[in-house]
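When reading the values below, keep in mind they use all heavy atoms of this one structure, side chains included, and skip hydrogens, waters and symmetry mates. Please read these numbers as outputs of a predicted model, since none were measured by experiment.
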There are 2 protein chains.
Amino acid sequence: MGRPSVQDQRKKEVLDAFMSCVVRYGVEGATLEHIAAQAGLKRPLIRHHLGNRKAMVLALGEHVVETFSKQTETLRVALDEHPDVRNLIEALFNSDGEMDPRINICYQALVNSIEIYPELRKPLLESMEAFYKVAIDIVLASHPKADKQACEIVAHGIINLFITTDAFVPLKPPKTWGYSSYFAALKLAETLEEKT
Amino acid sequence: MGRPSVQDQRKKEVLDAFMSCVVRYGVEGATLEHIAAQAGLKRPLIRHHLGNRKAMVLALGEHVVETFSKQTETLRVALDEHPDVRNLIEALFNSDGEMDPRINICYQALVNSIEIYPELRKPLLESMEAFYKVAIDIVLASHPKADKQACEIVAHGIINLFITTDAFVPLKPPKTWGYSSYFAALKLAETLEEKT
DNA sequence: AAATTTACTGTCAGTATTGACAGTAAATTT
DNA sequence: AAATTTACTGTCAATACTGACAGTAAATTT
């Protein structure tokens, strides 16, 4: 009874606003006022729903890790149907709107804040490990004859290139930069093909 | 006449301290007090030498761009002697102590702060363009018969992989991650070899 | 309609950060 | 030694940020 709770919804909204602010101002530059304004709420209200600043940062960490894990799972389905490296690359780089471009930037920002929030280290590390693992599995399944170590290197390379996809967006770089990581990932995948 | 000026030296020391703080706390998290403590100086003194906070951030931008440009030049000499892709990769990934690992992290942090300091955009963009250009030139000179576009893609890929080298360091990742970008870069370079 | 629970706002105190500047100390010239 | 220039320190006011909480409004149950 009583007024129905909207905490779950509000939390998501606030964390979404937090992400946008982290992209613009960094973790420490994202003030509670910034976040509240971005979410269209008053500052005391976001505190009511999420607690103090530290709790918010940790919640953001969970949120990013969770979103990351969902993306990882989305990739795993591409494995089940057609365990092909190109499918992996397409899913990573050309899934229109599926991947939130803010996630990678926030992830990196949180990694760099680990000295302030050491609790973030473990979940961030584990989510990235899972991400690598899925990529490695796909590459291995896709090229069963290829050298195992080569597959791991290619998988790592593809993921690392993916990480940089949106790294330069604030620079408004020439269009040629935009797809460079994508094309490089494709070339990297080529190295596993049979050499005829 | 008068007491000899140590501004040039002090500026360098402060900017070096600023870099260390940006790596730990991000651009906005690096307070003047942090920077001063890191440099072993009093806060009013760093102001005396470098001006207010905004001036310091812009000076840091110049410093990073300058260091970046020096690294770019260091690479160009590797071009003149042996324009080989492997030399490029070795110079990037295995030049013990030559490359300051903080530079990439600071560069990325500054890129993400462009909305606050728009003046940084142009120099940051240009320094990265120069960096790409040198890499492309080396790859082209190294493989004159190869497809031009392929060379550009490989060069971009190598640089983008280089960018990620120290991205995960705060996570204290397993050793296997450490060289993944390096090995991936080598594999990427392989794609330009003659297919026999 | 009363009670209850939650959403939301206004506001204040404590702290952190920055900017500013007066004043002192040190090194150099004349 | 006096003058001059710069390095450096102490300190205070203004501002920004956060934490806390009382109090109001809204939605639901009985």
Side-chain angles (χ1 to χ4, degrees), chain A residues 1-61 109-110 112-113 115-117 119-120, chain B residues 1-61 109-110 112-113 115-117 119-120:
Chain A
M1 55 177 157
R3 182 170 177 169
S5 176
V6 292
Q7 277 232 345
D8 292 349
Q9 176 61 19
R10 282 282 175 283
K11 276 190 180 180
K12 284 181 188 172
E13 288 173 15
V14 172
L15 290 177
D16 195 72
F18 199 173
M19 280 186 55
S20 295
C21 289
V22 167
V23 170
R24 285 191 199 172
Y25 310 112
V27 174
E28 297 307 297
T31 67
L32 301 183
E33 214 75 55
H34 278 146
I35 301 166
Q38 176 74 27
L41 303 171
K42 301 285 180 177
R43 183 171 64 86
L45 186 56
I46 67 175
R47 174 184 172 75
H48 168 68
H49 286 299
L50 288 162
N52 65 15
R53 185 179 168 76
K54 182 171 183 181
M56 282 188 209
V57 174
L58 298 184
L60 180 67
L110 288 169
N112 291 328
S113 299
E115 195 163 319
I116 305 176
Y117 309 98
E119 305 94 319
L120 290 175
Chain B
M1 56 175 156
R3 183 171 177 171
S5 177
V6 292
Q7 276 233 344
D8 291 350
Q9 177 61 18
R10 282 284 175 280
K11 276 190 181 182
K12 283 180 188 173
E13 288 173 14
V14 172
L15 290 178
D16 196 71
F18 199 173
M19 279 187 56
S20 295
C21 289
V22 166
V23 170
R24 285 192 199 172
Y25 311 112
V27 175
E28 297 307 297
T31 67
L32 301 183
E33 215 75 52
H34 279 147
I35 300 166
Q38 176 75 27
L41 304 171
K42 301 285 181 178
R43 183 170 63 85
L45 186 56
I46 67 176
R47 173 185 173 75
H48 168 69
H49 286 299
L50 288 163
N52 63 14
R53 183 177 170 78
K54 182 171 182 179
M56 282 189 208
V57 174
L58 297 184
L60 180 67
L110 289 169
N112 291 328
S113 300
E115 196 161 317
I116 304 175
Y117 308 99
E119 307 93 319
L120 291 175

Between [N] ([atom2]) and [X] ([atom1]): distance, integer Å:
X     : N      : atom1 : atom2 : answer
B/R53 : C/dA16 : CZ    : P     : 17 Å
A/M56 : D/dC17 : CE    : P     : 14 Å
A/E33 : D/dA16 : CD    : C1'   : 10 Å
B/I46 : C/dT17 : CD1   : P     : 13 Å
B/Q7  : D/dT5  : CD    : P     : 15 Å
A/E28 : C/dA16 : CD    : P     : 14 Å
A/Y25 : D/dC17 : OH    : C1'   : 15 Å
B/L32 : C/dA20 : CG    : P     : 12 Å

In terms of side-chain heavy atoms of [X], which of [options] is nearest?
X     : options               : answer
A/H48 : C/dT17, C/dT28, C/dC8 : C/dC8
A/S5  : C/dT18, D/dC8, C/dA7  : C/dA7
B/H49 : D/dT18, C/dA7, D/dA7  : D/dA7

Point to revise | Interatomic spacing from CD in A/Q38 to CZ in A/R24 - rounded to 0.5 Å | key: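 Separation between the atoms: 5.0 Å.
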
Check your understanding: Within the side chain of B/T31, is there an N or O that forms a donor-acceptor pair under 3.5 Å with the backbone of B/H34?
Key ->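 Yes, the answer is positive, given that a donor and an acceptor are paired below the 3.5 Å cut-off.
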
Check your understanding: Of A/P44 and A/G29, whose closest DNA chain D nucleotide lies nearer the 5' terminus?
Key ->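 The residue whose closest nucleotide sits nearer the 5' end is A/G29.
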
Review point. Want to settle it: does B/K42 or A/K54 sit nearer the 5' end of DNA chain D, counting the closest nucleotide to each?
Key: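 Taking each residue's closest nucleotide, the earlier one in sequence belongs to B/K42.
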
Exercise for review: Give DNA chain D the dot-bracket treatment, 5' to 3': Watson-Crick (N1-N3 with N6-O4 or O6-N4) or G-U (N1-O2, O6-N3) under 3.5 Å, [ ] crossing, | other strand.
Suggested key: ||||||||||||||||||||||||||||||

Review point. Does any donor-acceptor pair link the side chain of B/R43 with the base of C/dT18 at a separation under 3.5 Å?
Key: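 Check passes, donor-acceptor contact within cut-off.
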
For the residue pair [X] and [Y], establish whether any side-chain heavy-atom pair is separated by less than 4.5 Å.
X      : Y     : result
B/N112 : A/V23 : no
B/L15  : B/M19 : no
A/E13  : A/Q9  : yes
B/K42  : B/H48 : no

Point to revise | Given DNA chain C, 5'-ward residue of the pair B/R3 and B/N52, judged by closest heavy atom | key: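 Going by which nucleotide is closer to the 5' end, it is B/N52.
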
Practice item. Would you indicate, yes or no, if C/dT18 has its OP1 or OP2 atom less than 4.0 angstrom from a side-chain nitrogen or oxygen of B/R47? Key: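 B/R47 to C/dT18 OP1/OP2: no side-chain N or O under 4.0 Å.
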
Point to revise | Nearest atoms (heavy-atom pairs only) where B/E28 meets A/G29 | key: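 For B/E28 and A/G29, the tightest heavy-atom pair comes out as CB-CA, 3.4 Å.
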
Review point. Which part of the nucleic acid does A/L45 contact within heavy-atom distance under 4.0 Å: base, sugar-phosphate only, or nothing?
Key: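 Base contact - A/L45 has a heavy atom under 4.0 Å of at least one base atom.
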
